[in-house]
Amino acid sequence: MEKRVRVRFAPSPTGGLHMGGVRTALFNYLFAKKHGGDFILRIEDTDQNRFVKGAEEYIVAALKWCGIEPNEGVGFGNGIHQPYRQSERKELGIYQKYADKLVASGHAYYAFDTEEELDAMRKRLEAAKVAAPQYNAVTRQNMRNSLTLAEDEVKNLVESKTKHVVRLKVPRNEEIRFNDIIRGWVTVNSSQVDDKVLLKSDGMPTYHLAHIVDDIEMEISHAVRGEEWLPSAPAHILIYRYLGLEDQMPKLAHLPLILNPDGNGKISKREARFPVFPLSWQDPRETAPYIGYKEAGYYPEAFINILALLGWNPGTNEEIFSVAELAKLFDFERVHKSGAKFDPEKAKWFNQQYLRKKTDQELADYFKPVLQEKGYNRDNEFVVSFCKLVKEKVQFVHEFWEQGKYVFESPTLYDEKVMAKKWKPESKTLFTSVYAKFKTVKEWKVETITTSFHEAEAELGKIDMQLLRVLVTGVAGGPQLFDMLALIGKSETLNRIETALSKL
RNA sequence: GGCCCGUUCGUCUAGGGGUCAGGACACGUCCCUUUCACGGAUGAAACACGGGUUCGAUUCCCGUACGGGCUACCA
C-alpha cells in the first residue's frame, strides 16, 4: 500500500522567509492537497548562533498571508508528532538516540578535533593541492577520533565531557545512487562525501541528522526541497541505510532554484530591485525593513500564481490559476530541472490580472482609506465610479491615486508635450466657446456631455478631445474623457477650463 | 579547483526523431477609438556548439562551452 502523503516545509528561523522558500512551501502544499495528504511546518532551529528573533513568527504569518497553511506543525495547531521544533525535540533526546545507534553499529564515530585542528588539516590538504579537502575516510586517520584513539582514551574523553562531535563514517569508495522524482537517477561516489557531523559539540544535531530522524518519526512520505540540497543527498541516503530505514525513506524531490532576473545566482534580498519577501521583513540586525509583496501591492493570489509558474506549468496555455486549481493540476512530472529567472515585469502583469477580477466595490473599499489619507471624503457611489473608470489603467491598487488624483485635485501643470503640439492661438477662443456650451448643460452626465460636445463641434468645427482632457485634468491620458468629466462634475469642470484658459 | 545538476525567443515556457518549433510577459505595427485605455490582429525574436546514432535530429548518446548549486560543528 502507498504511504499516506505527508510532506513538510522545514525552514530554519534564520531570517525572513523569501520567495524561494515560499515556492518550496507552495509545491509541498500543492502536492499534499492534490493527494489529500498532510502538509507540515517543522522549524529547524538547530543552529543557535544563527537564530533570529521574529523569524519563526514571520514564517507562520507569511504562509497565512499566502493562503498555503500547513494542517500540522508549529503555529498551525497540534499534531500527533509534537513537538515540531527541533530544539524542543533535542531536549527529548530523540536525536541522541539515533546518533548512539549509528555509533554502536560502527557507522558513526566520535571526533574530538578542535576548530584549530580542523583548520590546520584543511590548510595542509590545500597546500598539498588536494582537490577536495575534507574530513573523510583518508583524512580521519590523522585526526583525533574514536577510530584513531585508543579505546580507553576515548572512553575517558567522553566521560570527562570533552567537547566532541559525532561524525558519519562514510565509506571510501562506493557508488551511491538515488532516484530523484524530478531529476531521475543521480549517482555520486562516496569519496565525494565527507564525514558529516551528525551531532554538534553543543549536543544539537545538524540538519543532516535531524531532518532524517524527524522525517522518519513524522512519517514523511516525500522530502521536497531546493536544489541546494542535492549534493548532500548521498550522505542522507547513507544515514537512512545505516539506520536500517532505507525502506522507510521519503521519496526525494529537488526543486529548481529561482534565479535573479539579471545577472546570476539565487535571488538575493540585497541586490533585488523587486520584493523578495512575501511580507515586509525587519531583520533585527538591520535598520531598514525589506518591503514585501503585500506592501508592494500584490494580491496573495497573484503572488502564489507567479510562484507556481516558476519551475512548473500545467502544459496548457493557461496561466491564471487559483490555489485550488493549482492543487488539482500540480504534478512533479511537470516540474523543471533548470532554474528559472524571475521576471518582475511579468509578475506585475499577473497582479493586474487579479486586480481586474476584483469588483468595483472591492476596489473602492480599498481606495477609500487612501483617499481619506489624502484628505478627501467622497461617498461610496462616487468612489466606486472612480474605481470603475481607473481600474483598467493600473496594475496595483496603490496606483489608483497616482493615476486618478486629478479627479480630486485641480491640475496646476498642463502636459507640455500635448500643449506644445496642439495648442494654437485660436484654441483659446475655441475652448471659451466650449466652456459656454458646457455651461448650458442642465443635467451633467455622460450622455448630455456627449450631446453638448457634438453640438459644439457642429457649431465650431472639430474640437481636440485630448486638448480638452489636458485642460481639465492636466495629463495626456486617462479613462474615457466624458466619463471623467461626468465624475468630476459640472462646476468643477467649468472652473478648471476657466482656470486653464486664464493661464494659457 | 573538485563534485553534482542544468541549457528552446530578452524572460517564463509548450513541444518532442519528420512541426510554418506553439503560448505568455515585454517590445514594434495595424484595427477599433473624435480623447484614453481595454480588446483584436500582426511583426520581430529561440532549439548553445561539435561529434555521433538515424533515411531524418531541436528531440536520443557522447564531448565542449556556458550557467547554477554544493564544497562548515549553516540550513
Side-chain angles (χ1 to χ4, degrees), chain A residues 10-15 44-47 49-50 86 111 113-115 118 122 126 129-135 163-167 180 182-184 186-189 191-194 196-208 210-211 225-234 254 256-257 259-262 264-266 306 309-320 334 336-350 352 356 389-393 418 453-454 457 462-470 473 475-485:
Chain A
S12 59
T14 52
E44 311 221 324
D45 55 348
T46 53
D47 187 345
N49 300 319
R50 293 210 310 155
Q86 290 183 331
D113 315 278
T114 63
E115 210 172 304
L118 291 171
R122 281 186 206 107
E126 268 164 44
K129 301 256 197 297
V130 172
Q134 56 182 12
Y135 205 115
K163 287 250 179 205
H164 65 275
V165 301
V166 174
R167 280 182 186 271
D180 186 279
I182 294 167
R183 283 146 212 284
V186 178
T187 309
V188 181
N189 190 286
S191 61
Q192 300 302 324
V193 181
D194 66 341
K196 295 230 173 313
V197 170
L198 265 20
L199 229 42
K200 303 187 241 187
S201 58
D202 64 0
M204 277 288 188
T206 57
Y207 166 84
H208 304 294
H211 94 274
R225 76 238 284 202
E227 191 187 352
E228 68 268 28
W229 293 108
L230 203 48
S232 55
H254 289 95
L257 268 14
L259 275 15
N260 265 318
D262 47 312
N264 312 302
K266 286 198 277 191
I306 293 161
L309 260 34
L310 245 27
W312 173 88
N313 81 85
T316 65
N317 284 339
E318 278 175 87
E319 295 194 285
I320 303 298
R334 301 200 66 90
H336 296 153
K337 296 181 173 79
S338 48
K341 284 185 186 166
F342 175 66
D343 181 356
E345 288 308 310
K346 188 147 186 182
K348 290 178 189 168
W349 175 82
F350 270 108
Q352 185 177 31
R356 286 185 186 164
L389 289 182
V390 183
K391 75 191 275 194
E392 64 189 26
K393 306 284 297 177
V418 174
F453 184 82
H454 286 325
E457 276 198 319
K462 189 172 155 40
I463 301 160
D464 193 301
M465 282 181 78
Q466 196 181 26
L467 220 36
L468 175 58
R469 177 189 289 280
V470 173
T473 70
V475 297
Q480 219 291 99
L481 181 57
F482 297 145
D483 285 333
M484 294 305 285
L485 296 186

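Below, chains carry the letters A, B, ... as their sequence lines are ordered, and counting in each starts from 1.
- Comparing B:rG68 with B:rC73, their P atoms sit 26 Å apart, to the nearest whole Å.
- The shortest side-chain heavy-atom distance between A:Met204 and A:Gln86 does not fall under the 4.5 Å cut-off.
- Nearest to the side-chain atoms of A:Glu319 among the listed nucleotides B:rU34, B:rA24, B:rG6 stands B:rA24.
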Derivation of the side chain to side chain contact (heavy atoms under 4.5 Å, CB included) call for A:Thr46 and A:Thr206: CA-CA 7 Å; A:Thr46 53; A:Thr206 57; over 6 Å; no
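- Using a 4.0 Å heavy-atom distance criterion, A:Phe342 is classed as making no nucleic acid contact.
- With hydrogens and angles disregarded, no donor-acceptor distance shorter than 3.5 Å links the side chain of A:Arg122 to the backbone of A:Pro133.
- Annotation: side chain of A:Arg167 is not in contact with side chain of A:Lys196 (no heavy-atom distance under 4.5 Å).
- Nucleotide B:rC27: paired with B:rG43 (Watson-Crick or G-U wobble, both distances less than 3.5 Å).
- Nucleic acid contact for A:Glu457: base, since at least one base atom lies under 4.0 Å from a heavy atom of the residue.
- Contact of A:His336 with B:rU7 (side chain to base): no donor-acceptor pair of N or O atoms is detected under 3.5 Å.
- The distance between atom CD of A:Gln134 and atom P of B:rC73, rounded to the nearest whole Å, is 11 Å.
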Protein proximity profile, nucleotides 41-46 of chain B - base contact B, sugar-phosphate-only contact S, no contact -, cut-off 4.0 Å on heavy atoms: ------
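- For A:Met204 and B:rC74, the CE to P distance is 11 Å, given to the nearest whole Å.
- Within 4.0 Å (heavy atoms only), A:Ala233 reaches no atom of the nucleic acid at all.
- Within the nucleic acid shown, A:Gly478 comes within 4.0 Å of at least one base atom, counting heavy atoms only.
- RNA chain B is contacted by both A:Leu310 and A:His454; A:Leu310 maps to the nucleotide lying nearer its 5′ end (nearest heavy atom per residue).
- Within 3.5 Å, no donor on the side chain of A:Gln192 pairs with an acceptor on the base of B:rU71, nor the reverse.
- Residue contacts for A:Lys163: at a heavy-atom cut-off of 4.0 Å it reaches no nucleic acid atom on any strand shown.
- With hydrogens and angles ignored, no donor-acceptor pair closer than 3.5 Å exists between the side chain of A:Glu345 and the base of B:rU11.
- Atom CZ of A:Phe350 is separated from atom C1' of B:rA24 by 8 Å (rounded to the nearest Å).
- With hydrogens and angles ignored, a donor-acceptor pair under 3.5 angstrom links the side chain of A:Arg50 to the base of B:rC74.
- A:Lys462 comes within 4.0 angstrom of a base, heavy atoms only.
- Here A:Val197 lies in heavy-atom contact (under 4.0 Å) with sugar-phosphate atoms only.
- Using P as the reference atom, B:rC27 and B:rC32 are 22 Å apart when rounded to the nearest Å.
- Comparing the same atom, P, in B:rA65 and in B:rU53 gives a spacing of 23 Å after rounding to whole Å.
- Under the Watson-Crick and G-U wobble criteria, each requiring two contacts below 3.5 Å, nucleotide B:rG18 is paired to B:rC55.
- Across all strands shown, A:Arg122 has heavy atoms under 4.0 Å from sugar-phosphate atoms exclusively, and none from any base.
- Across the protein-nucleic acid pair, A:Lys341 atom NZ and B:rG6 atom P stand 18 Å apart, rounded to whole Å.
- Nucleotide B:rA65 is matched to B:rU7 when pairs are restricted to Watson-Crick or G-U wobble geometry with both distances under 3.5 angstrom.
- Across B:rC60 and B:rG43, the matching P atoms stand 30 Å from one another, rounded to whole Å.
- Contacts of A:Ser191 with the nucleic acid, taken as non-hydrogen atoms under 4.0 Å apart, are absent.
- Straight-line distance between the P atoms of B:rC9 and B:rG40: roughly 26 Å, to the nearest whole Å.
- A:Val186 comes within 4.0 angstrom of sugar-phosphate atoms only, judged by non-hydrogen atoms across all strands, and of no base.
- Look at the P atom in both B:rC38 and B:rA24: the space between them is 15 Å, to the nearest Å.
- Contacts of A:Glu44 with the nucleic acid, taken as non-hydrogen atoms under 4.0 Å apart, involve only primed sugar atoms and P, OP1 or OP2.
- Across B:rU35, B:rC5, B:rA75, the shortest atom-to-atom separation from the side chain of A:Arg183 is found for B:rC5.
- Minimum heavy-atom separation, A:His336 to A:Asn313: NE2-ND2, 3.7 Å.
- In the set B:rC73, B:rC5, B:rG39, the nucleotide with an atom closest to the side chain of A:Arg356 is B:rG39.
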Would A:Asp180 and A:Leu230 satisfy side chain to side chain contact (heavy atoms under 4.5 Å, CB included), going step by step from the backbone distance to the final call? CA-CA 9 Å; A:Asp180 186 279; A:Leu230 203 48; 4.3 Å; yes
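- Between B:rU13 and B:rU29, the distance separating the two P atoms is 29 Å to the nearest Å.
- Taking every side-chain heavy atom of A:Glu228 into account, B:rC70 is the closest of B:rG2, B:rU35, B:rC70.
- Contact annotation for A:Ser201: base contact, defined as any heavy-atom pair under 4.0 Å involving a base atom.
- Summarising the base pairing, B:rG1 is matched to B:rU71 through a Watson-Crick or G-U wobble pair whose two defining distances lie under 3.5 Å.
- Within the nucleic acid shown, A:Gly226 has no heavy atom closer than 4.0 Å to any nucleic acid atom.
- When Watson-Crick and G-U wobble pairs are counted only if both distances are under 3.5 Å, B:rC36 pairs with no nucleotide at all.
- Comparing B:rG69, B:rA14, B:rC5 by their nearest atom to the side chain of A:Leu230 picks out B:rC5.
- Closest contact between the side chain of A:Ala340 and the listed nucleotides B:rC73, B:rG68, B:rC12 involves B:rC12.
- In this structure, the CZ atom of A:Phe453 is 10 Å from the P atom of B:rU35, given to the nearest Å.
- Nucleic acid contact for A:Asp194: none, since no nucleic acid atom lies under 4.0 Å from a heavy atom of the residue.
- Counting heavy atoms from C-beta on, the side chains of A:Arg183 and A:Pro256 come closer than 4.5 Å.
- Residue A:Glu227 contributes atom CD, which lies 12 Å from atom P of B:rG68 at whole-angstrom precision.
- Proximity of A:Val165 to A:Ser201: side-chain heavy atoms (C-beta onward) are separated by under 4.5 Å at one or more points.
- Residue A:Asn313 places its side chain closer to B:rU13 than to any other of B:rA24, B:rC3, B:rU13.
- A parallel orientation is assigned to the rings of A:Tyr207 and A:Trp229, their planes being inclined by less than 30° (bins at 30° and 60°).
- Taking atom CH2 of residue A:Trp349 and atom C1' of nucleotide B:rC27, one finds them 16 Å apart after rounding to whole Å.
- For B:rA24, the base has a donor-acceptor partner in the side chain of A:Lys346 [N/O atoms by modelled type, under 3.5 angstrom].
- Look at the C1' atom in both B:rG10 and B:rG2: the space between them is 33 Å, to the nearest Å.
- One atom, CG of A:Asn317, and another, C1' of B:rG15, lie 11 Å apart when rounded to the nearest Å.
- Under a 4.0 Å N-O distance rule, the pair A:Asp47/A:Arg50 qualifies as a salt bridge.
- Along RNA chain B, the nucleotide nearest A:Thr187 and the nucleotide nearest A:Glu115 are compared for position; the residue whose nucleotide lies closer to the 5' end is A:Thr187.
- Proximity note for A:Arg167 (side chain, C-beta onward) versus B:rA75, B:rC36, B:rC73: the nearest is B:rC73.
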